[in-house]
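Here the structure comes first, spelled out in structure tokens, and everything after it is commentary.
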Amino acid sequence: MIKSRILGVGSYVPPRVYTNDDIAAMMDTSDEWIRQRTGIEQRHWVEGAMNTSDLALAASERALESAKVSKGEIDCIIAATLTPDHDFPGLGCFLQAKLGVPGIPAIDVREQCSGFLYGLSIADQYVRTGTYKRVLVVGAEVHSKGLDRSPAGRDVSVLFGDGAGAVIVGACEGTPKESDSQIYSTHIHADGSYAKELWVAAPGSAFGKDRIDHELIDSREHFPKMNGKAVFLHAAKRMPEAVMEALEKNGKKIEEVDLFIFHQANLRINEMVGKQLGIPSEKIFNTIQKFANTTAATIPIGLDEAVKAGRLKKGMLVASAAFGSGFTWASALYRW
Ligand code: UT7
């Protein structure tokens, strides 16, 4: 049976850094509040006309280089984002044009913070069935152009950063041994009854003939809204469940995992997940301090940062889990 593995990883964040103090100069918040409630110290935001496909392109090129795969060898693109360049077509098409690889499929995934793991899951199925041999999975976001900087939006706006991360998923050579690099399994879930707990309402077909109007803009419906407490509580429950699901599926114990690369929504959520599962804190690789929440880009940025920091090495067993808008949640167990 064909199995897949991650062949390489890359990431890109725009150069401009905004500290919490920079944010406090723009809206009614403080470094102390942001740091204490979330663990965030700074985030990267784009400048000028830089958009999501630009970030995705830079991360994809780095992932290709790391995987030693040429762009002509990719046979499918899966792009996860909640902040596409335009309403349609999707990020995947714009990225494909910038990469210059016409003809191959470009699939958009819209599962927000779980988007990268959803994308990884789709790539894994395609490779396992022999449909595609080398799939580019990229998560990219430009949040900074869609945040409500008025007092009404401060609970959400301080949380998000811009960035992109990508992996190349390819087939293992032959049947991998237990200790070889491979994706063991991926697990994806959703519960749409909570869709409005974290969402952007407009523009949309739920409204009048123009999908958006001045009234919607005046009532700030084109900005993200969140019931932070509900999201927090569900995340702290679903992420440990998803990790256990992946471990049980593969007959592995929590102690066997070398590194946990979780989604980064709030340092306190990851600490609670770690506590519930009895994970020593040094095994959880957090990046929220530097990048804030970059939704679909978070996990591949985390992987790339962990490699660069020497924390993620060949042969390590890695577990990832994410939770976000939808609600959606997901996990993956893989050997690097
Ligand atoms: O990626 C998945 C999506 N996101 C998440 O998973 C996020 C999950 N939720 C959270 O991380 C937390 O709920 C937040 C960090 C968003 C908020 O933390 P909290 O401890 O739940 O705070 P809160 O919403 O209960 O607000 C506490 C106080 C309120 O003031 P009062 O009513 O106590 O006077 C807020 O108005 O903090 C105030 N507040 C702020 N103050 C300064 C809310 N946002 C801010 C802010 N700066 N940015």
Side-chain angles (χ1 to χ4, degrees), residues 18-43 80-83 109-118 139-141 143-144 146-163 165 188-192 194-200 220 223-242 261-274 276 286-289 291-302 320-331:
Y18 289 78
T19 63
N20 292 341
D21 284 331
D22 293 331
I23 303 298
M26 290 176 210
M27 62 183 95
D28 183 18
T29 188
S30 65
D31 175 55
E32 192 194 4
W33 192 95
I34 301 171
R35 221 177 257 262
Q36 277 182 6
R37 302 270 174 159
T38 71
I40 296 166
E41 294 167 19
Q42 60 170 55
R43 74 284 291 135
T81 189
L82 66 86
T83 54
V109 169
R110 294 195 39 164
E111 270 62 43
Q112 298 69 244
C113 299
S114 311
F116 175 76
L117 292 180
Y118 265 70
E141 307 284 1
H143 284 294
S144 58
L147 297 173
D148 183 356
R149 298 177 190 202
S150 79
R154 65 178 181 167
D155 59 328
V156 175
S157 298
V158 301
L159 304 177
F160 291 97
D162 302 340
I188 56 177
H189 298 279
D191 185 347
Y194 295 100
K196 295 183 179 179
E197 299 290 8
L198 173 51
W199 70 320
V200 178
R220 315 186 86 73
F223 288 127
K225 304 268 185 319
M226 175 172 71
N227 177 352
K229 285 210 161 41
V231 178
F232 192 107
L233 290 173
H234 283 262
K237 178 170 180 285
R238 294 303 193 183
M239 285 175 58
E241 268 177 25
I261 307 273
F262 291 143
H263 177 56
Q264 306 281 308
N266 188 320
L267 202 56
R268 290 188 295 143
I269 293 178
N270 289 357
E271 284 167 0
M272 283 178 75
V273 173
Q276 283 180 63
N286 288 312
T287 52
I288 192 166
Q289 301 91 332
F291 304 114
N293 183 353
T294 55
T295 49
T298 303
I299 288 178
I301 289 177
S320 286
F323 180 90
S325 160
F327 288 152
T328 58
W329 61 102
S331 63

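Quick note: residue numbers are just sequence positions, from 1. Whatever order the structure lists them in is the order used to number ligands and atoms, beginning at 1.
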>> Is atom 30 (O) of ligand 1 near the protein, in the sense that some protein heavy atom lies at less than 4.0 Å from it?
In response: no

>> Is atom 23 (P) of ligand 1 touching the protein, meaning some protein heavy atom lies under 4.0 Å away?
In response: yes

>> Would you say that more than 12 heavy atoms from the other residues, nucleotides or ligands in this model lie under 6.0 Å from the CE of Met226, or not?
In response: yes

>> List the residues meeting salt bridge (charged side-chain N to carboxylate O under 4.0 Å, His left out) with Glu271, not counting sequence neighbours, and say none if there are none.
In response: none

> Backbone, side chain, both or neither: what part of Thr295 comes under 4.0 angstrom of ligand 1, heavy atoms only?
Replying inline: neither

> How are the rings of Tyr194 and Phe327 set to each other: parallel, tilted or perpendicular (split at 30° and 60°)?
Replying inline: parallel

>> Taking ring pair (Phe, Tyr, Trp, His ring centres under 6.0 Å) as the definition, give me every residue that meets it alongside Tyr118, ordered by chain and number, with sequence neighbours left out.
In response: none

> Would you say Thr38 and ligand 1 have an N/O pair spaced under 3.5 Å apart?
Replying inline: no

> Should Ser30 be counted as touching ligand 1, given the test is an N or O pair under 3.5 Å?
Replying inline: no

> What about Gly228: any of its N or O atoms under 3.5 Å from an N or O on ligand 1?
Replying inline: yes

>> I'd like to know whether ligand 1 has His263 as a neighbour, heavy-atom separation below 4.0 Å.
In response: yes

> Does atom 34 (O) of ligand 1 have a protein non-hydrogen atom under 4.0 Å from it?
Replying inline: no

>> Please confirm whether Ile269 approaches ligand 1 to less than 4.0 Å, judged on its heavy atoms.
In response: yes

